[in-house]
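First up is the structure itself, then whatever we jot down about it.
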Amino acid sequence: MIVAVVACVVVLLAGAAALAALLLDVQPSGHPSAPRWVRTALAREEEFAAAIGWQWPRWVVARVVVVIAALAVAWTTHVAFVDVLAIVLGLVGPRLLLAGRAERRRIAQARAFVALLRQFASRLQVSNEPFDSILADTARNAPGELALLRGAAAERDVLSAVITAVRASKSELLEKGLVTLLLSRTRDRLTLATLLQEHQIPEIEALIEEAEEMRAVRSAQNATIVVLAGPIGFTFAF
């Protein structure tokens, strides 16, 4: 029991220290930096937070609060195993419950982005407006799923602002759409429109269909995990 108490205290202190460093943007002195597995784990958490539409600091706070709350509830049982189980559930539970929402949101964003690229390519073909003007107007009228692009419309360098916004979303599906846009804006407009309509957009649509299939498989897997792990975990805890 004492070992479990000490372990829980260490976990909470480590989590609090990490949270403070992340929120305050404190960079550790000296080299090397954090171990590779830590950076990988944090990168995945940041990607997941972006997928569900949460700011990174808010997601970190939520993760820590869930673990502490689960541990606080389990602590009342005075059973070491339940404390350990609470920590595991606090770490795994939020991602397991929100995974479906994250994937649905990614796919909805990608579909909206494809529609936006089609609109952009069509205007390139039929309009004589400058490249940046068309891109800014397209971004300004982006649907709710792509609200992150609306701020780019007001920037002086619209293309760079759109690229920054898409990369900040940490969505592979959206980043695929930037490949053609990264071509020089002095390139022939009809060529650029053709590349978008005949190559880039069909490629993204194929990736969306693949992502949709993977989402269905993962949803079934997550449901199975919850159905099996829930009763088993409760039985052991009881």
Side-chain angles (χ1 to χ4, degrees), residues 22-23 25 27 39 42-62 98 101-212 215:
L22 289 168
L23 295 182
D25 198 22
Q27 299 295 331
R39 296 196 302 270
L42 289 176
R44 288 177 179 174
E45 287 294 322
E46 191 172 0
E47 289 177 4
F48 191 84
I52 62 175
W54 284 30
Q55 295 295 326
W56 172 232
R58 180 188 176 192
W59 175 245
V60 173
V61 171
L98 295 173
R101 173 186 173 182
E103 292 179 349
R104 286 192 299 271
R105 188 172 180 274
R106 287 289 198 212
I107 292 172
Q109 275 189 331
R111 292 191 188 280
F113 196 56
V114 166
L116 216 61
L117 287 178
R118 287 191 186 280
Q119 177 185 344
F120 176 71
S122 297
R123 289 187 60 178
L124 283 177
Q125 289 180 317
V126 301
S127 173
N128 291 323
E129 298 177 75
F131 177 97
D132 285 356
S133 177
I134 296 176
L135 185 59
D137 190 51
T138 303
R140 188 179 301 110
N141 296 306
E145 295 88 348
L146 297 172
L148 55 94
L149 296 180
R150 293 174 184 169
E155 298 294 329
R156 177 174 299 179
D157 189 348
V158 182
L159 180 59
S160 297
V162 168
I163 292 172
T164 301
V166 170
R167 286 177 175 167
S169 72
K170 300 187 181 299
S171 171
E172 182 181 355
L173 292 173
L174 265 62
E175 289 180 356
K176 286 287 185 180
L178 292 179
V179 175
T180 304
L181 289 182
L182 287 173
L183 294 172
S184 172
R185 65 189 71 187
T186 60
R187 191 182 183 91
D188 182 75
R189 297 159 62 95
L190 295 180
T191 301
L192 179 57
T194 301
L195 285 173
L196 284 170
Q197 293 174 332
E198 297 183 4
H199 298 282
Q200 205 62 44
I201 291 176
E203 181 181 349
I204 299 173
E205 288 177 329
L207 290 173
I208 291 173
E209 294 303 320
E210 182 180 345
E212 188 67 58
R215 185 194 67 79

- N/O donor-acceptor pair under 3.5 Å between R106 side chain and L173 backbone: no
- Partner residues of E205 under the salt bridge (Lys or Arg N to Asp or Glu O under 4.0 Å) criterion, sequence neighbours left out: R118
- Item | Nearest atoms (heavy-atom pairs only) where G151 meets E155 | O-CG, 3.9 Å
- Task: Take F131 and V158 through the side chain to side chain contact (heavy atoms under 4.5 Å, CB included) test and state the conclusion after the steps.
- Result: CA-CA 10 Å; F131 177 97; V158 182; over 6 Å; no
- Looking only at non-hydrogen atoms, find the nearest pair between A136 and A153 and report the distance. O-CB, 3.4 Å
- Does the side chain to side chain contact (heavy atoms under 4.5 Å, CB included) test come out yes or no for L116 and L149, once each step is laid out? CA-CA 11 Å; L116 216 61; L149 296 180; 3.7 Å; yes
- Note on the structure: Applied to residues 134-149, the side chain to side chain donor-acceptor pair (under 3.5 Å) test, sequence neighbours excluded, yields R123-D137, D137-R140, D137-N141
- Under the salt bridge (Lys or Arg N to Asp or Glu O under 4.0 Å) test, residues paired with E209 that sit two or more places apart: R111
- Separation of Q119 CD from L196 CG (nearest 0.5 Å): 12.5 Å
- Message: What I'd like to find out is whether the side chain of W56 reaches to under 4.5 Å of the side chain of L42, using heavy atoms alone.
- Response: yes
- Query: If only atom types and distance count, is the side chain of R105 paired as donor or acceptor with the main-chain N or O of A50 below 3.5 Å?
  - Reply: yes
- Query: Closest heavy-atom contact between S160 and D157?
  - Reply: OG-OD2, 2.7 Å
- Going from CD on E175 to CD1 on I163, what distance comes out if it is rounded to the nearest 0.5 angstrom? 10.5 Å
- Message: Between S169 and V166 (side chain of the first, backbone of the second, donor and acceptor by atom type, cut-off under 3.5 Å), is there such a pair?
- Response: yes
- Task: Name all residues meeting the side chain to side chain donor-acceptor pair (under 3.5 Å) criterion together with R101; count only those two or more places apart in sequence or in a different chain, and write none if there are none.
- Result: none
- Pairwise distance CD1(I204) to NE2(H199) - rounded to 0.5 angstrom: 13.0 Å
- Task: Give, for atom CG of L117 and atom OG of S122, the distance between the pair rounded to the nearest 0.5 Å.
- Result: 10.5 Å
- Message: Is there a side chain to side chain contact (heavy atoms under 4.5 Å, CB included) between L124 and L190? Walk through the geometry before answering.
- Response: CA-CA 7 Å; L124 283 177; L190 295 180; over 6 Å; no
- Task: Return the set of residues passing side chain to side chain donor-acceptor pair (under 3.5 Å) with S127 (not counting sequence neighbours), or none when no residue passes.
- Result: E129
- Message: Using 0.5 Å steps for rounding, measure from the CD atom of E103 to the CG atom of L98.
- Response: 11.5 Å
- Query: What closest approach, in Å, do F120 and I134 show between heavy atoms, and which atom pair accounts for it?
  - Reply: CD1-CG2, 3.6 Å
- Message: Checking E203 now: which residues fulfil side chain to side chain donor-acceptor pair (under 3.5 Å) with it, not counting sequence neighbours?
- Response: none
- Query: Less than 4.5 Å apart, any side-chain heavy atom of Q197 and any of P202?
  - Reply: no
- Tightest non-hydrogen contact, residues L146 and Q109, listed as CD2-O, 3.8 Å
- Task: Please work out which of the three classes, parallel, tilted or perpendicular, describes the rings of W59 and F48, given edges at 30° and 60°.
- Result: tilted
